[in-house]
2 protein chains.
Amino acid sequence: MKNRIEIVEDNDVVRDGLQLLINSMSDHTVVGAYISCEQALKNLDHDMPEVILMDLDLPGMSGIEGIQRIKKRSPHIHIIVITVHEDSEMVFEALCAGASGYITKNANHSRLLDAIDEVQTGGAPMSSKIARMVVGSFQKNQNSPLTSRETEVLELLAKGKSYTVIADELFIHKETVKSHIKNIYFKLQVNTKADALEIARKNKLI
Amino acid sequence: MKNRIEIVEDNDVVRDGLQLLINSMSDHTVVGAYISCEQALKNLDHDMPEVILMDLDLPGMSGIEGIQRIKKRSPHIHIIVITVHEDSEMVFEALCAGASGYITKNANHSRLLDAIDEVQTGGAPMSSKIARMVVGSFQKNQNSPLTSRETEVLELLAKGKSYTVIADELFIHKETVKSHIKNIYFKLQVNTKADALEIARKNKLI
DNA sequence: TAAAAAATCACTAAGATTGGGGGAGAGATT
DNA sequence: AATCTCTCCCCCAATCTTAGTGATTTTTTA
């Protein structure tokens, strides 16, 4: 039984190249190659792919929305994004939408074929820059203007806790919490909770 | 100029094995091999490693805390975790603490040596299971009990916005927001914002 | 060691927010 | 016909949040 691969890519040259490359492997077969998510979705039940290689710049429906729709209909299908985009927004949008892997187009052919196997054996193939970006998203800004206590308070605030609850959890007085928040607002140059959280999250202070 | 590698691992056999393996490469050299983070930290300025391979189960200071301290003192050093732990808590704690890579101990030798190069060329080497875990952490639960509108409201609530602001942003009445939140609380079986956010985040509803 | 920063607690006051209770209509879906 | 979803409305009471001004103690840093 061959691995059923599908391709969604609007550039003819790239699409045909991918198809040839994959079909050249004895245990893989391309069951569909389309230029848009609309087409891919229409044929999804017939093609029954296990893995979809997908570009993000597509005519009509965006790749991101395509990923969402495909994953909603067939959660078991693994989608690997193949794109030129390396900007963090695209990467995280694609992963949030349900992509299992993210390869940039400068990857060589063997890396690409490896990715298909990797995604089917429980992995998440990524270009190394992308992997670093993803891992980096977990790490806090080392140059935070906030003190560790202030950060602690802001994190509890981010969890939706009230001043009173925060005070209890940190074994300090509610007035102290207020004082910390006052200083946080001043340092971040904001005057509401929502703005503070936005700045803090954007700058990875929490 | 050789790549300067350090090892922190309390198991003698594993540590010596790693050291031999790395020193066998002409362009890499082990500049320090320790059984604890305390020792590693003490010699950090002298050893000047570029990459540290670190276990997480260590006598004395935990690996997680070790990572934090090392990264705080020398942010440019790349730390690759080498451990048996595959539980998500450990993985995310290590990455948040500042690890640039995460390899499980069943990895073969060549993969390990690749990881060292990968981390120095801007990558984030991970075992494939770990990579999937990390990527999976971006994806929402597909079986959310909440409607899309409710999810939308909850996401704005998570940003610290008030009912009034949420109402404005969604072009609906404040009372409607309240109504949604009432339903969210009922569905999640909670009665405070903080509890709702905790459940929602734990189950990846937002 | 002296100065600066951080963490702690205090009071007042006004306005906004939140949560609990009830209900109800319109539209879509099943 | 029944259910779900989204929308809106009312009342009420407790709590929260912001703003202003202040002070003390501990820790860190220059």
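A, B, ... follow the sequence lines: proteins, then strands. Residue 1 opens every chain.
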Item checked: Exam field: side chain B:Thr121 to backbone B:Glu118, donor-acceptor pair closer than 3.5 Å -> yes
Pairs under 3.5 angstrom only: tabulate donor-acceptor contacts from the side chains of residues 163-178 of chain B to other protein residues two or more places apart or in another chain.
unit_1: B:Glu169; atom_1: OE1; unit_2: B:Lys161; atom_2: NZ; d: 3.3
unit_1: B:Glu169; atom_1: OE2; unit_2: B:Lys161; atom_2: NZ; d: 2.8
unit_1: B:His173; atom_1: ND1; unit_2: B:Glu175; atom_2: N; d: 3.0

Checklist line | Per-nucleotide protein contact string for nucleotides 13-30 of chain D, where B marks a base within reach and S marks sugar-phosphate only (heavy atoms under 4.0 Å, - for neither) | finding: ---SSBB-B---------
Item checked: Counterpart residues, side chain to side chain contact (heavy atoms under 4.5 Å, CB included), relative to A:Asp87 (two or more places apart) -> A:His85, A:Glu89, A:Met90
Checklist line | Nucleotide D:dT7, atom P - distance to CD1 of B:Ile184 in whole Å | finding: 12 Å
Checklist line | Contact interval (first through last nucleotide) of DNA chain C with protein chain A, 4.0 Å heavy-atom | finding: C:dA6 to C:dT12
Notebook entry, point to check: How sharply is the helix from C:dT1-D:dA30 to C:dT30-D:dA1 bent, taking the axes over five pairs at either end and rounding to 10 degrees?
Noted result: 70°
Notebook entry, point to check: Between D:dC8 atom C1' and B:Asn183 atom CG, what is the distance in whole Å?
Noted result: 13 Å
Note to self: Rounded to whole Å, how long is the line connecting atom CG of B:Leu146 with atom P of D:dC4?
What the structure shows: 15 Å
Notebook entry, point to check: If you look only at pairs with a residue in residues 127-143 of chain B, which of them pass as a salt bridge (Lys or Arg N to Asp or Glu O under 4.0 Å), with sequence neighbours excluded?
Noted result: B:Glu86-B:Lys129, B:Lys140-B:Glu155
Side-chain donor-acceptor contacts of residues 196-204 of chain B below 3.5 Å, not counting sequence neighbours, with atom names and distances?
unit_1: B:Arg201; atom_1: NH1; unit_2: A:Ala158; atom_2: O; d: 3.3
unit_1: B:Lys204; atom_1: NZ; unit_2: B:Ser137; atom_2: O; d: 2.7

Check: Starting at the 5' end of DNA chain D, which residue's closest nucleotide do you reach first, B:Ser148 or B:His173?
Finding: B:Ser148
Checklist line | Qualifying residues under side chain to side chain contact (heavy atoms under 4.5 Å, CB included), relative to B:Glu150, sequence neighbours excluded | finding: B:Leu146, B:Thr147, B:His180, B:Asn183, B:Ile184, B:Lys187
Next item on the list: Go through the structure and list residues passing side chain to side chain contact (heavy atoms under 4.5 Å, CB included) with A:Met48, not counting sequence neighbours.
Entry: A:Arg4
Note to self: When you measure from the side chain of B:Thr83 to the backbone of B:Leu56, do you find a donor-acceptor pair of N or O atoms at a distance under 3.5 Å?
What the structure shows: no
Checklist line | Any residue meeting side-chain hydrogen bond (donor to acceptor under 3.5 Å, both in side chains) with A:Glu38, in chain and number order, not counting sequence neighbours | finding: none
Indicate every side-chain donor-acceptor pair of residues 92-101 of chain B with a distance under 3.5 Å to a residue at least two apart or in another chain.
unit_1: B:Ser100; atom_1: OG; unit_2: B:His78; atom_2: ND1; d: 3.4

Notebook entry, point to check: Are OP1 or OP2 of D:dC6 and a side-chain N or O of B:Thr176 less than 4.0 angstrom apart?
Noted result: no
Check: Residues in side chain to side chain contact (heavy atoms under 4.5 Å, CB included) with A:Asp47, at least two apart?
Finding: A:Glu6, A:Val31, A:Tyr34, A:Asn43, A:Pro49
Next item on the list: Would you mind classifying the nucleic acid contact of B:Thr147 as base, sugar-phosphate or nothing, using non-hydrogen atoms under 4.0 angstrom?
Entry: sugar-phosphate
